[in-house]
Amino acid sequence: MASQPVSGPAARQGASDAIPAHVAIIMDGNGRWAKSRGLPRAAGHERGVEALRRTVEAAREIGIRYVTVFSFSTENWRRPTSEVSALFGLLKAYIRRDLARLKREGVRVRIAGTRDNLPEDIAKLVDEAERETIDNSQFHLTVAFNYGGREEIVRAAQNLAARVAAGDLQPSEITEEKFSTALDTRDLPDPDLLIRTSGEHRISNFLLWQCAYAELVFSDVLWPDFDETALRAAVTEFAGRERRYGAVTAGAS
Ligand code: FPP
């Protein structure tokens, strides 16, 4: 395995498997895809859901075990209300339409992000998706929705601080491993590979803690066009990288 559910370079130093265990994806370019066709932005997001289905299938084919996708950020609330509603509608439709199949196929679904300001129907569906697939372990799909990396880190810090204040935890017990257990991704290994599509070269507040040692691959493909070929190209680029986790190359003097 390229990584284990334990954080930190020491846990994984020397690992350089050709197939990443965990791939995180910033699915960017839906708007440009739609605009170039004279379509509303929501049409790009709709096609983006199809690309997500294709990518999960391709990932399983390749042997990737964890995929985490960024589908609505805490900053995306600044978009027009119609686009926000479209993205909420797509998450609902995705869960309603795909949950039974994902469950049957052994996929465990998790939703990362804050539930605080989510509409009640979405919060319920998200809980249902997690509950219904909790016993699955063949493949792990995590959808980051209403998610921001800094917000997640602040929530984790607040959670640990509350435990210290209650006398359940000593400040000295807050290690990297302990901190990881307070994040939304607590049961997941750190991503080995982070892919961002559409030619943009930013992390945009996605999995800031978890991607400390991820290899970054930037694809020019717009997300609605992303497919198995594009995923394989990213994995090939990953396989050619040397992961040192701050150490030196094996055999170097
Ligand atoms: C970024 O492209 C994409 C998003 C903000 C949303 C991603 C959502 C999906 C792929 C579909 C939703 C999936 C689920 C499961 C709900 P952009 O709109 O910023 O594109 P642009 O940079 O070209 O404008």
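In what follows, residues are counted from 1 in the order of the sequence shown. Counting convention: from 1, in listed order, for ligands and their atoms alike.
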Under 3.5 Å, N or O to N or O, is [X] touching ligand 1 that way?
X	value
Arg79	yes
Asp28	yes
Gly31	yes
Trp223	no
Arg41	yes
Asn30	yes

Practice problem: Name the orientation class of the two ring planes belonging to Tyr245 and Tyr213 (parallel below 30°, tilted from 30 to 60°, perpendicular beyond 60°). | Solution: tilted

Exercise. Can you label the angle between the Phe70 ring and the Phe206 ring as parallel, tilted or perpendicular, going by 30° and 60°?
Key: parallel

If you measure from the Lys or Arg side-chain nitrogens to the Asp or Glu carboxylate oxygens, is any gap between [X] and [Y] under 4.0 Å?
X	Y	value
Lys124	Asp127	no
Glu50	Arg53	no
Glu130	Arg115	yes

Using a 4.0 Å cutoff against the non-hydrogen atoms of [X], which atoms of ligand 1 qualify?
X	answer
Asn76	5 (C)
Leu52	15 (C)
Val49	11 (C), 12 (C), 13 (C)

Exercise. Could you tell me the residue and atom name of the protein heavy atom closest to atom 6 (C) of ligand 1, and the distance to it rounded to 0.1 Å?
Key: Ser71 O, 3.5 Å

Quiz item: What residue and atom, counting heavy atoms only, is the protein's closest point to atom 4 (C) of ligand 1, and at what distance?
Solution: His45 CE1, 3.9 Å

Quiz item: Between Val69 and ligand 1, which residue portion shows a heavy-atom distance shorter than 4.0 Å: side chain, backbone, both, or neither?
Solution: neither

Exercise. Would you kindly specify which portion of Leu222 sits under 4.0 Å from ligand 1, judged on non-hydrogen atoms: side chain, backbone, both or neither?
Key: neither

Quiz prompt | Pairing residues for Glu61 by the salt bridge (Lys or Arg N to Asp or Glu O under 4.0 Å) criterion, not counting sequence neighbours | solution = none

Would you say the side-chain atoms of [X] pair up with the backbone N or O of [Y], donor to acceptor, closer than 3.5 Å?
X	Y	value
Arg32	Gly44	no
Asn146	Thr114	yes
Glu173	Gln170	yes

Self-check item: Contact with ligand 1 for Gly29, non-hydrogen, under 4.0 angstrom
Solution: yes

Quiz item: If you look only at pairs with a residue in residues 133-152, which of them pass as a salt bridge (charged side-chain N to carboxylate O under 4.0 Å, His left out), with sequence neighbours excluded?
Solution: Glu151-Arg155

Quiz item: atom 3 (C) of ligand 1: which of Arg47, Met27, Glu75 has the nearest heavy atom?
Solution: Met27

